[in-house]
Amino acid sequence: MQLIQNLKQATANAIQAIYQVQIKPEQVLVNETKPEIEGDFTIVLFAFVKQLGKSPEELGNALGEAVKNSMPGLITDFNIVKGFLNFTISDQFWLDFIQAADTNQLITPTADPRKIMVEYSSPNTNKPLHLGHLRNNFLGWSIAEILKLQGNEVVKTCIVNDRGIHICKSMIAWQLFANGATPATTGQKGDHFVGDYYVKYNDAYKAEVEQLIASGRTKDDAEKEAPIQQAAQAMLLKWEQGDAETIDLWKRMNEWVYGGFEVTYKKIGSDFFKTYYESNTYLLGKDLVDQGLAKKVFYQKEDSSVWIDLTSDGLDEKIVRRKDGTSVYITQDIGLAELKQKEFNTDASIYVVGDEQNYHFKVLKLICQKLQLPAADGIYHLSYGMVELPTGKMKSREGTVVDADDLVDGMVQIAKEKTESLGKVDDFTAEQLQKLYDTIGLGALKFFLLRVDPKKKMIFNPEESIDFHGFTGPFIQYTHARIKSILRKTGTAVHSIGSDLLPLEKALSMKLASFSAVVNEAAEALDPSKLAIYTFDLAKLFNSFYAELSIANAESEDKKNLRIQLGILTAATLKQAMHALGIEVPEQM
RNA sequence: GGUUCGGUAGCUCAGCUGGAUAGAGCGUCAUCCUUCUAAGAUGAGGGCCAUUGGUUCGAAUCCAAUCCGAAUCACCA
């Protein structure tokens, strides 16, 4: 908030004027004053007490007087408690803010907008999306929206992992066990259909390995010799050689999966400006290996494999090209980073990827820097923690995952039951009702996954349903709907809003005024949870305000106008903040 | 073993660029709908901020060590 900046500057100026000591404004610590104490903003004096050798009382009085005088009309009073200098801001300042606030321009855009790529989602085409993907999708989408809100240009991309041994596993299992069944013949969603064959593969593989061990093989040998495993390997080779039949099957099965993904993405609201397919990008980066060799960033071993030595950076030696000349994962990623940079010329590229790949991205950035690629310094890994079950990690292979579609449908169902039991939307059409259930169910889920610090792992217990009360999406949605309901009755015409504020009116005004700063913080930290917490605080504050003060039957016309305007602003702020979290807010619920 | 991340109320989490008496939500208990939406509000109870030491006027926050948990250190992606 500009006001805080001004306070810092004024304090620094005062110290300079009174004590002839240079202080940078950033060195001045300004907090919101604790509720029990009189005042709005507090300057912590201790640091200066020591530096200037004055008592807190003396210093506080001198600074308080000087700062107050330098901001006439703005600061009405100050007091000193222990080492804290508390300033009271004039009601008029907040009233001016409320009066001038524009619901279409709640945020001051950043002074230096950037072009930023956000890559997220990154699904595999051998199985449906699960809870972990949901956290990724919600985070990626929200980060992109927050950056946009701040005034940046954002390019959302997705890299689809559509090739490799894991895809071949589903394909082999389909050939072996499906008898020609398709999603159309079974009526199953395509991604689930294919995912089932991935699980069938692993069941068959496990059985074969057990049998081989029983017949006397060692575990290692059995795992290598299992026929279904060898068949998958052979299929991968055929795929790479471009075998027509294999490519055909691959395309067909991937299409089934994409059909399923499209439904899920549409439902959860993920979208991408550009989708990259690994089958097109997995050969990228080969020429960069040669360049790296020429630049002596890489070196070749006797078996002709190519490596980079990162031991001086505290990491290991890392292979970038196999002895057979094929490239590895990191090489593809370097190549893709270069390609993306060429296509979009972004200032920064954010990869929303789980924290299990922290090491990989550290290496990726380092190698790109050593190769002096233009993309290098803009690479940022937004590392988020895994979603785990009380029983431990989710494993697709073993079928111990919380399926994304099931989870979303379950949430919508709960929203439906809850809404029906409350009976507040009897005038809705069937279509409106369904939309409302989707909005609330999905809102609860998204908020649940976004309200915690992205980098922390989280535990999800499928036995306990996600709450609709308290620090939740529906609570915020409800508050919005409640405000809208009130405004429908009072109207929204506002003229004079008076000249004084009650404590709750003031608290709400201050909270509203800090929205822009919170968006900047969330953008800076790439952390939507900061916005989630803000929406909750704001909604809670409004609800206290609502419980205490009447809007429609306010004590005066000015007060009524003021509170209507506060309602309008709160609703608009909640709506915009929630939108940046990917959550819609209903007009009525 | 190396590296990185985490450990705050019964549970889920804020707070971490050092500042006033450590905060929410859920759950528990109590109060409030003849007045604007009770998916709400108000209050009570609940804490050796993993442990120990250090720096400081001041430490949940910074530093060190220890304990516990996770990820990673693949010619998988």
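Side chains are part of it too, since the values below use all heavy atoms of this structure and drop only hydrogens, waters and symmetry mates. This is a predicted model, so every value here is computed, not measured. In the text below, chain A, chain B and the rest are named by the order of the sequence lines, each starting its count at 1.
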Which of B/rA41, B/rU37, B/rA20 is nearest the side chain of A/Asn543? It is B/rA41
Check every strand shown and say whether A/Phe475 touches a base, only sugar-phosphate, or nothing at a heavy-atom separation below 4.0 Å. sugar-phosphate
Set out, line by line, the N/O atom pairs under 3.5 Å between protein and nucleotides 75-77 of chain B.
unit_1, atom_1, unit_2, atom_2, d
B/rC75, N4, A/Asp303, OD2, 3.4
B/rC76, OP2, A/Arg322, NE, 3.4
B/rC76, OP2, A/Arg322, NH2, 3.4
B/rA77, O3', A/Glu278, OE1, 2.7
B/rA77, O3', A/Glu278, OE2, 2.5
B/rA77, O2', A/Asn161, ND2, 2.3

Considering only heavy side-chain atoms of A/Phe84, the closest of B/rG19, B/rA24, B/rU37 is B/rG19
*In whole angstrom, give me the gap between the P atoms of B/rU21 and B/rC26.*
28 Å
Item to complete: Remember a base hit wins even if backbone is also touched, and classify A/Thr419 as base, sugar-phosphate or nothing at under 4.0 Å, heavy atoms.
Response: base
Residues 455-462 of chain A side chain polar contacts: donor-acceptor under 3.5 Å, at least two apart:
unit_1, atom_1, unit_2, atom_2, d
A/Lys455, NZ, A/Asp453, OD2, 3.3
A/Asn461, OD1, A/Glu463, N, 3.0
A/Asn461, ND2, A/Glu464, OE2, 3.4

Does either side chain, that of A/Asn561 or that of A/Gln565, offer a donor lying less than 3.5 Å from an acceptor on the other one?
no
Taking B/rG19, B/rG6, B/rU37 as options, the one with an atom nearest any side-chain atom of A/Ser485 is B/rU37
Practice task
Would you kindly say whether A/Asn86 and A/Thr42 are connected by a side-chain donor-acceptor distance under 3.5 Å?
Solution key: yes
Using Watson-Crick geometry (N1-N3 plus N6-O4 or O6-N4) or G-U wobble (N1-O2, O6-N3), each under 3.5 Å, B/rG25 is paired with B/rC11
So A/Ser550, base contact, sugar-phosphate only, or nothing? Heavy-atom distance under 4.0 Å. base
Sugar-phosphate only, base, or nothing, as touched by A/Lys82 at under 4.0 Å among non-hydrogen atoms
sugar-phosphate
Open item on the list: Is it the case that the side chains of A/Tyr282 and A/Glu240 hold a donor-acceptor pair, with the cut-off being a distance below 3.5 Å and no angle test?
Closed with: no
Does A/Glu548 CD have over 12 foreign heavy atoms under 6.0 Å away? no
With B for base contact, S for sugar-phosphate-only contact and - for none (protein heavy atoms under 4.0 Å), nucleotides 9-16 of chain B reads ---SSSS-
I'd like the P distance from B/rG23 over to B/rG40, given in whole Å. 23 Å
